[in-house]
Amino acid sequence: MLPATGTQRIRVRVTGTVQGVGFRPHVFRLATELGLGGFVMNDEHGVLAEVEGEAAQLERFTERLRREAPPLAAIEHLDVAVVPARSERAFAIVTSEHAGDPDALVSPDTATCESCLAELFDPLDRRFRYPFVNCTDCGPRFTIVRGVPYDRPLTTMAGFEMCARCRSEYDDPRDRRFHAQPNACPECGPVTRLVNRDGSPVSLNGAQDDVEAAARSLLDGLILAVKGIGGYHLACRADSERAVATLRSRKHREDKPFALMVHDVAAANALVELGDDERSLLTTRARPIVIAPRRTGAMIAPSVAPLSRELGVMLPYSPLHQLLLADVGVPLVMTSGNVSDEPIAYQDQDARERLGEIADRFLVHDRPIETRTDDSVLRSATVAGDRGMLVLRRSRGYVPHSIDLPVDAVRHVLACGAELKNTFCLAKGTRAWVGPHVGDLSNYETLRSFQQGIAHFERLFAVEPAIVAHDLHPRYLSTAYALERDGVEHVAVQHHHAHLAACLAEHGETGPAVGAIYDGTGYGPDGTVWGGELLCGDLRGFERAGHLHPVRLPGGEQAIREPWRMACSWLAAALGEHPAVPPALAASVEPRRWEAVAELVRSGVASPLTSSAGRLFDAVAALCGLRSRVNYEGQAATELEAAADHSEGGAYPLPLRAGVLDPRETVLAAREDLARDVSPALVSARFHNSLAAATARACAQAAEAHATATVVLSGGVFQNALLLDRTSASLAAEGLRVLVPRRLPPNDGGISYGQAAVATALT
Ligand code: ZN
Ligand code: ZN
Ligand code: FE
């Protein structure tokens with residue numbers, strides 16, 4: 001505490017996300033308003049200020065500094081120390097001599113703020129309809145950063161020289177654009193162009209600018225490639241079946257739902273049912289895609305999400321999107337700019353080549369994108385009775401915010417993640433930075449983006465990994481990359497242990513806990529394919545307390561693409577004999593192929609054992625006749641969940657024997673129900689209920705045996721909101737504490753952070 005009266009000088013140190021977010025001008029305005037002297041600067045730890053004046057004013061200063069931080073700032077610590085006074089009356093922003101501060105963090109890209117929006121739509125403003133309007137409170141950040149310090153020359157804005165008016169805003173501490181690195185105007189900044197496939201300009205034909213001309217093209221039913229913040233989208237009007245179906249066929253995407261962009265919350269509400277969580281999430285600065293239940297009669301083309309009860313919706317997050325949506329006045333499909341499973345295009349030449357066959361026209365601009373960053377995806381879920389959000393993909397708007405580690409990474413760590421939905425993670429001290437969604441690490445393009453991403457993050461956050469963590473799977477590209485790094489200590493982390501550790505660590509815990517980790521595939525230490533695991537452990541290690549009864553994966557990878565194979569495998573396991581083709585599959589599976597697969601199951605040839613929970617969902621979905629072949633990962637399970645009648649409370653037997661959850665009777669009971677013409681809606685619900693109850697029972701037993709009351713539910717299968725709701729409710733009823741991933745996805749997007757936590761705890 002400060003002495004009550006007289007002139008004092010204090011030194012204030014602020015850490016957290018405080019650089020590049022308007023913190024210094026904020027300090028400047030506050031100090032000048034309160035009549036205080038001194039200075040403020042960025043340094044290697046964050047922001048440092050010395051402030052001098054009447055003690056009472058200084059009290060007010062520190063109090064308001066805590067309370068009124070700029071919107072993009074996130075203060076972690078604010079320390080105050082008294083230093084000798086220097087009779088300084090004026091206040092100044094001092095330029096830092098330090099070579100920038102990796103610790104002070106680059107902030108994520110942020111949706112256009114209210115002040116900038118007002119200018120965007122004000123015909124008298126000099127930035128009227130300027131698609132790149134931004135200020136210290138909003139605009140691109142992470143995707144334009146080339147290096148640190150976060151300063152214009154080290155961003156993709158380096159090539160644009162500010163005009164006199166922009167420069168004076170940039171230099172004026174009282175201005176909203178003081179040190180806004182991407183500051184620009186129509187006179188000096190980036191420009192948009194609407195071009196044909198061959199690069200020739202599209203005639204404006206009376207439109208006031210390229211964006212309005214683009215909107216007219218969309219209204220005419222054309223497909224546009226639109227360059228956004230983290231990459232290209234493919235866009236078309238969502239209410240035209242012809243346009244959406246054309247986009248689907250050109251993109252070679254059979255039935256995976258397309259995301260939508262709508263003008264505002266009201267427009268979103270016309271398409272999907274929004275709870276309070278969804279509403280506030282839609283309008284957060286991160287502007288993710290929010291998945292919500294589709295309204296009956298929603299005015300969108302059937303091809304947008306052919307087999308889904310839900311829709312993914314987002315609001316415009318850049319001024320370019322704002323103008324486009326205002327001009328078209330209808331919802332747009334906004335799907336990632338790629339062909340089928342390739343990574344999203346973000347470089348102009350590459351986009352031209354890859355999207356040239358899909359898009360009729362290109363709405364492009366000349367501000368380069370440094371790092372490819374997909375839209376983030378979230379949905380709400382009920383866990384132990386409480387509503388909350390679940391992250392399915394964490395990328396634009398969230399990356400590169402750091403996530404704390406509950407253990408101190410004294411030696412720096414790189415964790416390379418898994419194979420599907422790959423992310424990487426860097427850690428030092430108690431901070432971890434999880435990179436943007438890389439995607440499925442299966443081709444040259446994704447591998448390159450993985451390698452470049454790691455190098456970029458190492459520079460941005462000054463991390464020099466001494467420890468490199470990776471999955472146990474010997475053939476993952478991420479494992480190969482990890483093992484190629486020389487002069488480091490390698491730590492192999494079992495896949496499901498990483499899932500468990502990731503969830504514990506993001507909640508600031510180190511265990512012990514029981515984890516029910518359900519997913520598609522993960523390499524087990526015994527060489528079999530794990531995926532329905534009951535683990536008991538902490539960050540340092542685990543023991544396999546139980547698992548799903550293992551069955552054959554007939555034909556290996558092929559069984560993942562063809563769920564009917566898993567139906568065959570589970571029936572064979574349950575009956576102990578050659579199963580007949582179930583009626584629901586008779587139309588889609590030739591008897592000859594069924595027999596061949598049954599033989600694979602019997603002999604075990606090319607058919608490893610798996611305890612995968614994902615494959616059990618596949619089997620039941622196929623038995624119900626919902627899906628015999630999938631077009632994207634997780635499709636059968638998603639459709640089984642969507643089919644379930646939530647009002648159904650019944651369940652099938654699912655015995656627990658010495659830690660092994662045995663769904664063989666469950667599968668037979670489902671088959672009997674279906675033979676009696678019970679609807680797939682009821683069968684699906686009863687299956688969910690059975691698995692939820694058995695899982696809770698098994699967790700409770702394991703928790704008691706290991707003297708813990710904490711249960712983690714994670715793995716990609718727990719993206720299933722029905723399973724999560726029922727399992728967590730049963731666990732809570734047993735008096736157990738349930739933890740689920742909140743900041744990172746339960747799927748393999750969270751693996752890298754879990755590996756980092758394990759490696760840190762072990763070394
Ligand atoms: Zn703004
Ligand atoms: Zn300008
Ligand atoms: Fe997994």
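Both counts, for ligands and for their atoms, begin at 1 and track the order of listing.
Among the atoms of H496, no N, O or S atom falls under 2.8 Å of the Fe ion (ligand 3).
The SG atom of C188 and the SG atom of C185 meet at the Zn ion (ligand 2) at an angle of about 120°, given to 10°. When rounded to 10 degrees, the angle formed at the Zn ion (ligand 1) by SG (C113) and SG (C138) equals 120°.
Under the 6.0 Å distance and 45° angle rule, R367 does not count as a cation-pi partner of F132.
The nearest N/O/S atom of D519 to the Fe ion (ligand 3) is OD2. Atom OD1 is the N/O/S atom of D748 found closest to the Fe ion (ligand 3). For H499, the N, O or S atom closest to the Fe ion (ligand 3) goes by the atom name NE2.
The distance from atom OG1 of T284 to atom CE of M389, rounded to the nearest 0.5 Å, is 9.5 Å.
Note: F424 and H470 fail the aromatic proximity criterion, with ring centroids not under 6.0 Å apart.
Using modelled atom types and a 3.5 Å distance limit, the side chains of T638 and Y632 yield no donor-acceptor pair.
Classified by interplanar angle (parallel below 30°, tilted 30° to 60°, perpendicular above 60°), the ring pair H26/F23 is perpendicular.
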